[in-house]
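Below, read A as the first sequence line, B as the second, and so on, with proteins coming before strands; counting in each chain starts at 1. Heavy atoms only: backbone and side chains are in, while hydrogens, waters and symmetry mates are out.
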Amino acid sequence: MPELPEVEVVKRGLEKILENKPTLQKIELKRKDLRDVMPAKKLSTLVGAKILSVERRAKYLLIWTDKGGMLSHLGMTGTWRVAPEGDERLHDHIYLHFSGGLRLAYRDPRRFGIFDFIPAGKTHPKLSELGPEPFDASFTGETLWKSLRGKKINLKVAIMDQKVVVGVGNIYASEALFAAGIKPNLPAEKLSAARAEVLVREIRKVLQTSIDSGGSSISDFAQASGESGYFQTLFRVYDRAGEPCVVCKTKIKSTVMGGRSTYWCPHCQK
DNA sequence: CTCCTATCCTGCGAGC
DNA sequence: TGCTCGCAGGATAGGA
């Protein structure tokens, strides 16, 4: 579910919800086995800590306190929500109880998500191998072009590689390539420097537009506030196989690349 | 090294 | 209506 825009929207929501810097009073793990087993003991050292900030890196959320941090990844189906007493749902795996009666719930039916402890002043190993943030000045046509040297894989698969650029997942990879007019099956190393510039621009544009739209709400994605995003109504190719291209009316094609459904217009994308 | 596949897990919609 | 099948926003291990 969540690619960079959705995680960013959740991050902003949590920031707002936690803006009064409440104290973490209790961490309740209903079920410990997400993708990895959650470290209950280490996490319990955060009880009594005061929330400092919420950060996003790639598709990870970092919730910092004065005693250390919590790393959250939403996997495919993870959501954070404000859950008042009485609002307990199937697949709620974590409840964070705060001062002032606030309770946050993490729900994740498929349990592909991650929730881990970060010692104060440290980083997390999962963050060490990540590529540039798409909005960072270090992500340019030139750096993208360089990172694709020697890569024979499809460009679409390449831009979903979190070492090349973070945050671009299956939806926005198809959408960005359509916007850039580049076919998804172009061998990554064949992308010219000039077209890499265009792609960087379009990746940024599609991600920003989605953030501004509150992300894409497919099935169950929602912001922490419970509101849905509406970028899914702005999809131009994703999930539109067989439908007419919004530009030229040619039927949108779909194939599997790197194990994931990929959508493109055979006329507009060269 | 790079690349490719299978896999973790549950729910849902399409098709019969 | 009820069943089965295939697929779903991600990331990683393991083998070629």
| query | Within the structure shown, what part of the strands sits under 4.0 Å from A:G150 by heavy-atom distance: base, sugar-phosphate, or nothing? | reply | sugar-phosphate
| message | Can you see whether A:F112 has A:R35 sitting over its ring - NZ or CZ less than 6.0 Å from the centre and within 45° of the normal? | response | no
| query | Where the side chain of A:K59 is concerned, which of C:dG10, C:dC7, B:dT10 is the nearest nucleotide? | reply | C:dG10
| said: Using a strict threshold of under 4.0 Å (side-chain N to carboxylate O), is an ion pair present between A:R107 and A:D87? | reply: no
| task | Could you tell me the separation between the OH atom of A:Y263 and the P atom of C:dG9, rounded to a whole number of Å? | result | 7 Å
| query | With respect to the side chain of A:H91, which nucleotide from C:dG9, B:dC3, B:dT10 is positioned closest? | reply | B:dT10
| query | With both distances under 3.5 Å as the test, what is the Watson-Crick or G-U wobble partner of C:dG10? | reply | B:dC8
| message | What is the separation between atom CD on A:E129 and atom C1' on C:dA13, rounded to the nearest whole Å? | response | 15 Å
| field | Charged N-O contact under 4.0 Å between A:E243 and A:R236 | value | no
| request: Would you classify A:F231 as touching base, sugar-phosphate or nothing, given that sugar-phosphate means primed atoms plus P, OP1 and OP2, and contacts are heavy atoms under 4.0 Å? | output: nothing
| Does OP1 or OP2 of C:dG10 have a side-chain N or O of A:Y60 closer than 4.0 Å? | no
| query | Between B:dC4, C:dG9, C:dA11, which nucleotide has the shortest distance from any of its atoms to the side chain of A:I153? | reply | B:dC4
| Pair of N/O donor and acceptor under 3.5 Å linking C:dA8 base with A:R110 side chain | yes
| query | So, for A:F231 and A:Y172, is the gap between ring centers shorter than 6.0 Å? | reply | yes
| query | A:D108 CG to C:dG9 C1': how many Å, rounded? | reply | 12 Å
| How far, in whole Å, is C:dG9 from B:dA14 if one measures between their P atoms? | 16 Å
| request: Between B:dC9 and C:dG14, how far apart are the P atoms? Round to whole Å, please. | output: 16 Å
| field | Is_stacked (A:F112, C:dG10) at 5.5 Å, 30 deg | value | yes
| message | Classify A:G169 by what it touches in the nucleic acid, base, sugar-phosphate, or nothing, heavy-atom distance under 4.0 Å. | response | sugar-phosphate
| Taking A:H97 as the fixed residue, which of A:R103, A:E28, A:Q25 is the one that meets the side chain to side chain donor-acceptor pair (under 3.5 Å) rule? | A:E28
| said: Whether A:T77 contacts B:dG11 is assessed here as follows: a side-chain N or O lying under 4.0 Å from the phosphate OP1 or OP2. Is that the case? | reply: no
| field | Length of the line joining A:K151:NZ and B:dC1:P, which is rounded to integer Å | value | 12 Å
| note | Per nearest nucleotide of DNA chain B, the residue lying toward the 5' end, A:L90 or A:R35, is A:R35
| Distance-only polar pair, side chains of A:K156 and A:T262, donor-acceptor under 3.5 Å | yes
| Roughly how many Å is it from CZ in A:R149 to C1' in B:dT2, rounded to a whole number? | 15 Å
| query | Is there a side-chain polar atom (N or O) of A:H73 under 4.0 Å from OP1 or OP2 of C:dA11? | reply | yes
| message | Tell me the interatomic distance from A:Y230, atom OH, to C:dG9, atom P, rounded to whole angstroms. | response | 22 Å
| message | In whole Å, I'd like the distance from the CG atom of A:L34 to the C1' atom of C:dT12. | response | 16 Å
| message | Checking contacts here: which listed nucleotide (C:dT12, C:dG10, C:dA8) is nearest the side-chain heavy atoms of A:K126? | response | C:dT12
| said: Between C1' on C:dG9 and CZ on A:R111, what's the gap in Å once rounded to a whole number? | reply: 18 Å
